[in-house]
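Read through the structure below, which is laid out as C-alpha cells, and then see the notes.
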Amino acid sequence: MRIRIIALVGTVAVLASCLSDEKKFGYSVGYGRSYPEKIALKMPGNAPSITQQYRNTLDHGKVGDTSAHLGIDIHADIGTPVIAAADGVVLRSYWGPAYGNQIEILHAPDSSGKSSRTRYVHLDKRLVKVGAQVQRGGEIGHLGITGFLSSGFPHLHFEVLFRGTSIFGSATDPHKFWAKGPGQITCFGPEWNGLSTDEFKITYPVGCK
C-alpha cells in the first residue's frame with residue numbers, strides 16, 4: 001500500500017490513502033459499532049466505494065454530539081461525473097465555505113403528499129442552475145474536494161432529506177431508499193427510468209463502471 005501525505009491526521013489519513021490506492025470500487029466501510037440503526041448493505045462490485053456511513057446522533061438522545069454525519073461519503077477521482085439520484089428540480093446550486101460547491105434537488109411528492117430532497121456536496125464543478133429540471137442519471141456536476149469539511153479527500157457527500165427541508169429534522173440514511181430495496185445500493189441504468197413516485201426511490205449518485 002502506498003501512503004500519500006494528506007492534510008489530515010491519524011487513522012483518517014491512513015483510511016483515505018488505503019481507499020485511494022486499493023479500494024476505489026465495490027467497498028463500503030461499516031456503520032459505527034454503537035450506531036443502533038445499522039442496515040445490511042449489498043455493495044455492487046462496480047460502484048465507487050463508500051468511505052463514511054450515515055449516523056445521526058441527534059436521533060438517539062445525544063444532543064450536542066459533534067460526531068453526527070448526516071449523509072454518506074462516496075470516494076472517486078476529482079472530476080468524476082455526479083448524477084441525479086432521481087427526477088426533480090434544482091432548488092439550490094451554490095458555493096459555501098464549509099461544503100464548497102453544492103446542489104440540492106427537490107423530488108416529486110410521494111403517496112404521503114410530501115416531497116423529499118437530495119444534496120450533493122464538495123463538488124469540483126456545478127453543471128446545473130436553480131430551476132433546472134433534471135432526470136435520474138443526468139449529470140449535474142463533478143466530484144471534488146471543495147469546502148473545508150472535505151478534509152482534502154476527494155469524495156461526494158450525499159444526503160437525503162426525507163419528507164422535509166431541515167437537515168437536522170429531515171436527514172435520513174440514504175440506504176433506506178435504493179430502488180432495489182433498503183441496503184441494496186442501486187447503480188443507475190435505463191431500467192430505473194420512469195419509476196413510480198408513490199415511494200421515494202433513488203439510484204447511486206455516482207456512475208458505476
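Side chains are part of it too, since the values below use all heavy atoms of this structure and drop only hydrogens, waters and symmetry mates.
Of the charged side-chain nitrogens involved, at least one lies within less than 4.0 Å of a carboxylate oxygen, so that D110 and R163 count as a salt-bridged pair.
Distance check: E104 CD to E159 CD gives 8.5 Å after rounding to the nearest 0.5 Å. With rounding to the nearest 0.5 angstrom, the OG atom of S93 is 4.5 Å from the CD1 atom of I103. The distance from the CG atom of L123 to the OG1 atom of T146 is 6.0 Å, given to the nearest 0.5 Å.
Considering only heavy atoms from C-beta on, F200 comes within 4.5 Å of S116 through its side chain. At a threshold of 4.5 Å between non-hydrogen side-chain atoms, the residues Q53 and H69 do not count as touching. Between R92 and Q102 the shortest side-chain heavy-atom distance does not fall below 4.5 Å. P48 is listed as a side-chain neighbour of F25, based on a closest heavy-atom distance under 4.5 Å. Residues I202 and W178 have side chains in contact (heavy-atom distance under 4.5 Å, counting atoms from C-beta outward). Using a 4.5 Å heavy-atom cutoff, the side chains of D124 and N101 are not in contact. Between R117 and L106, some side-chain heavy-atom pair lies under the 4.5 Å cut-off. The side-chain heavy atoms of I50 and Y204, taken from C-beta on, include a pair separated by under 4.5 Å.
The aromatic rings of F158 and Y120 lie tilted to each other, with the angle between the two planes from 30° to 60°. By the 30° and 60° cut-offs, the orientation of the rings of H175 relative to Y31 is perpendicular.
In summary, the side chains of T118 and H107 do present a donor paired with an acceptor at a separation below 3.5 Å, with no hydrogens or angles considered.
The two residues A76 and L143 make their nearest non-hydrogen contact at O-CD2, 3.1 Å. Minimum interatomic distance between T203 and A179 (heavy atoms only, all atoms of both residues): CG2-CB, 4.3 Å.
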